[in-house]
**Student:** 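One structure, as structure tokens, below. Some questions next.
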Amino acid sequence: MKKFDYYQPESLKEAYGLMEKLNGEARFIAGGTDVIVRIKQGALHPDALISLRRISALKGLGNEDGLSMGSMTLFRDIERDPAIARDYPALGEAASVLANPQVRNVATIGGNLCNAAPSADAAPPLMVLEATLTIEGPGGQREVSIEDFFRGPGETCLEHTEVVTRITIPKKRKGTGMAFLKIGRVAQDIAIANAAALIVVENGVCRKCRLSAGAVAPVPLRLKRIEGIVEGRKIEPDLLDRVAEMVQEDVSPITDVRSTAQYRKTVSGILVKRAIKEALDRAG
Amino acid sequence: MKRLITLTINGKEYEVAVPPNLTLLDLLRYELGLTGTKKGCDVGDCGACTVIMDGKPVNSCLVLAVQADGRDILTIEGVETEEGLHPIQQAFVEKGAVQCGFCTPGMILSAKSLLERNPRPTEEEIRTALSGNLCRCTGYQKIVEAVKDASEKLS
């Protein structure tokens with residue numbers, strides 16, 4: 001592996017101060033399960049790594065008024081949190097199928113988002129849950145909707161010196177159901193396609209619909225056009241078939257070692273449809 | 001520049017100077033001679049390098065040695081007790097779960113971590129716990145049977 005220096009700041013200020021001093025030649029490292037692989041593969045060549053592990057402000061999981069997660073929260077902790085399993089099952093499900101147990105013991109939710117893979121399993125559930133990311137850097141603090149966070153494969157709206165500090169999710173409304181689904185070649189593989197749905201039902205009619213699909217475009221997608229079709233209607237088989245067709249129109253997948261573009265298209269429509277059905281079953 | 005780190009490996013405390021780009025895996029194998037931990041893919045897919053860090057299985061190829069500073073590490077060398085093989089190791093031998101043996105240390109450590117947390121796992125729970133460990137001899141069935149057998153003997 002290429003040589004690099006290693007810093008372990010104890011505070012955020014110290015962390016982005018170091019990043020400024022190192023003139024952008026350093027990388028922040030959270031769990032490291034992506035960064036270390038990319039350094040080994042020669043895709044990243046940092047002069048230094050700045051570890052975020054000792055910064056206590058980035059830790060902690062609370063759910064008093066909605067859910068608030070420090071960006072350094074481990075997938076293992078999200079997967080095992082009983083309140084997340086009860087109130088935000090789409091997020092718990094995504095956390096429990098991300099990579100493998102060894103990776104989940106080290107990988108963090110903030111790291112997964114900042115790595116900005118179009119297939120990031122944490123993204124679709126956070127999209128349908130309308131998560132807000134708190135970002136901090138030398139210029140101060142700002143909040144960004146998860147929808148505006150991703151810019152392209154591996155690219156986010158973060159400045160080089162900025163760190164995602166927290167991820168917050170609004171409180172769950174009554175009558176809400178949600179689900180996350182993923183298709184991969186084997187259990188631990190990166191998604192061929194993934195999807196999440198969130199539905200609010202009142203008197204049998206869908207009052208709110210949030211849909212997201214991953215690994216089928218340069219960024220994780222919110223499917224707003226389709227949400228608009230579902231809202232205000234009764235969710236019936238004809239409508240779901242139409243949704244699956246519309247998903248195929250709205251995605252723009254690539255062909256790679258895991259799947260052809262055509263398969264991704266077809267399967268993402270089916271995943272969204274199934275996720276809506278599952279969300280509906282849970283909305284009761 | 002090398003960093004001085006202190007870590008506990010198999011109950012013994014070590015103080016070592018490591019460069020920041022050294023992985024925990026390479027520290028164990030090439031600096032400390034603990035070659036029971038295997039180097040397979042080196043990118044976190046195969047699980048041959050699994051060790052237990054602070055009670056949880058991790059891929060040692062994805063942990064920098066500097067990140068292991070202050071941590072407690074268990075490798076396959078620390079699993080055997082004075083009375084002999086650990087019951088999980090014994091079950092692997094008896095059930096024919098070891099073929100070429102390359103994945104075995106990682107499999108045993110993932111299984112050990114599962115059984116400590118969940119002494120009577122279902123078959124599905126066993127398969128999930130071992131989903132990050134690849135066996136290219138494809139002897140999964142016997143490995144799962146060995147973990148089941150060990151869980152019965154241990155509980």
Side-chain angles (χ1 to χ4, degrees), chain A residues 1-8 26-27 29-54 72 74-77 79-80 93 95-108 111 115 182 184-190 257-258, chain B residues 1-5 18-26 39-71 106-107 109-111 113-114 117-118 124-135 138 140:
Chain A
M1 215 184 332
K2 178 199 178 294
K3 277 191 180 169
F4 48 79
D5 223 333
Y6 186 78
Y7 298 92
Q8 299 188 83
R27 291 282 303 201
I29 176 171
T33 54
D34 283 312
V35 168
I36 293 172
V37 172
R38 290 172 69 198
I39 295 173
K40 284 185 183 184
Q41 292 172 337
L44 284 179
H45 318 269
D47 288 343
L49 292 178
I50 302 173
S51 168
L52 302 175
R53 203 165 64 87
R54 288 198 177 163
M72 290 293 283
L74 300 177
F75 279 105
R76 170 202 167 88
D77 295 332
E79 180 188 357
R80 306 237 172 113
E93 282 156 7
S96 71
V97 295
L98 180 134
N100 57 52
Q102 288 93 322
V103 168
R104 296 198 289 274
N105 283 335
V106 178
T108 66
N115 189 51
K182 167 178 176 175
R185 292 176 306 176
V186 293
Q188 64 162 328
D189 202 14
I190 294 169
V257 291
R258 292 190 173 78
Chain B
M1 200 176 64
K2 286 194 174 181
R3 304 295 163 94
L4 199 62
I5 62 166
V18 295
N21 65 344
L22 185 77
T23 61
L24 174 60
L25 172 61
D26 287 353
K39 189 167 182 170
C41 70
D42 209 23
V43 290
D45 288 328
C46 78
C49 68
T50 301
V51 300
I52 311 263
M53 182 162 80
D54 290 344
K56 299 182 285 188
V58 301
N59 290 319
S60 61
C61 75
L62 294 187
V63 176
L64 298 173
V66 286
Q67 291 175 302
D69 188 17
R71 310 272 199 132
M107 289 283 182
L109 289 167
S110 285
S113 161
L114 168 71
R117 182 164 52 78
N118 178 0
E124 200 192 333
E125 286 168 334
I126 294 172
R127 289 186 183 271
T128 301
L130 300 181
S131 61
N133 295 84
L134 302 183
C135 163
T138 69
Y140 292 107

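Since we're looking at a predicted model, the values are computed, not measured. Numbers restart at 1 for each chain; the letters A, B, ... are given by sequence-line order, proteins then strands.
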**Student:** At their closest point, which heavy atom of A/L49 faces which heavy atom of B/L64, and how far apart are they?
**Tutor:**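 It is CD1-CD1, 3.9 Å.
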**Student:** I'd like to know which of B/D42, B/T128, B/T23, B/T50 tops the heavy-atom pair count under 4.5 Å against chain A.
**Tutor:**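 Highest number of pairs under 4.5 Å: B/D42.
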**Student:** Quick one: what part of B/D54 sits under 4.5 Å from any heavy atom of chain A, side chain, backbone, both or neither?
**Tutor:**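 Neither part; nothing is under 4.5 Å.
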**Student:** Hey, which of B/V43, B/L130, B/L22 has the most heavy atom pairs under 4.5 Å with chain A?
**Tutor:**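 With the most close heavy-atom pairs to chain A, the winner is B/V43.
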**Student:** Using non-hydrogen atoms and a 4.5 Å limit, figure out which bit of B/R3 sits close to chain A: side chain, backbone, both or neither.
**Tutor:**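 For B/R3, side-chain heavy atoms alone lie under 4.5 Å from chain A.
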**Student:** Which one of B/L24, B/L25, B/V63, B/N59 satisfies the side-chain contact (heavy atoms from CB on, under 4.5 Å) criterion with B/V51?
**Tutor:**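 Per the side-chain contact (heavy atoms from CB on, under 4.5 Å) rule, the option paired with B/V51 is B/L24, out of B/L24, B/L25, B/V63, B/N59.
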**Student:** Go through A/Q102 and B/N133 one step at a time and tell me if the side-chain hydrogen bond (donor to acceptor under 3.5 Å, both in side chains) criterion holds.
**Tutor:** CA-CA 9 Å; A/Q102 288 93 322; B/N133 295 84; 3.0 Å; yes
**Student:** Which answer fits B/S113, side chain, backbone, both or neither, if we ask what part of it has an atom under 4.5 Å from a heavy atom of chain A?
**Tutor:**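 Answer is neither: B/S113 stays 4.5 Å or more from chain A.
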**Student:** Which atoms of A/I190 come close to chain B, meaning under 4.5 Å heavy atom to heavy atom: side chain ones, backbone ones, both, or neither?
**Tutor:**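 No part of it gets close to chain B.
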**Student:** Return yes if some donor-acceptor pair links the side-chain N/O of A/N100 with the main-chain N/O of A/V103 below 3.5 Å, else return no.
**Tutor:**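 It does hold such a pair.
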**Student:** Taking only residues two or more places apart in sequence or in another chain, which ones pass salt bridge (charged side-chain N to carboxylate O under 4.0 Å, His left out) with A/R54?
**Tutor:**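 So A/R54 forms a salt bridge (charged side-chain N to carboxylate O under 4.0 Å, His left out) with A/E10.
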**Student:** Heavy-atom cut-off 4.5 Å, strictly under: side chain, backbone, both or neither for A/S51 against chain B?
**Tutor:**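 No part of it gets close to chain B.
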**Student:** Quick one: what part of A/K3 sits under 4.5 Å from any heavy atom of chain B, side chain, backbone, both or neither?
**Tutor:**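 A/K3 touches chain B through backbone and side-chain heavy atoms alike.
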**Student:** Under a 4.5 Å heavy-atom cut-off, does chain A meet the side chain of B/P57, its backbone, both or neither?
**Tutor:**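 Contact with chain A is through both the backbone and side chain of B/P57.
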**Student:** Side chain, backbone, both or neither: which part of A/I29 has an atom under 4.5 Å from a heavy atom of chain B?
**Tutor:**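 Side chain only.
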**Student:** Identify whether the distance between the nearest side-chain nitrogen and carboxylate oxygen of A/K2 and A/D47 falls below 4.0 Å.
**Tutor:**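 Yes, this pair counts.
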**Student:** Can you tell if the side chain of A/R27 reaches within under 4.5 Å of the side chain of A/L44, non-hydrogen atoms only?
**Tutor:**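 In contact.
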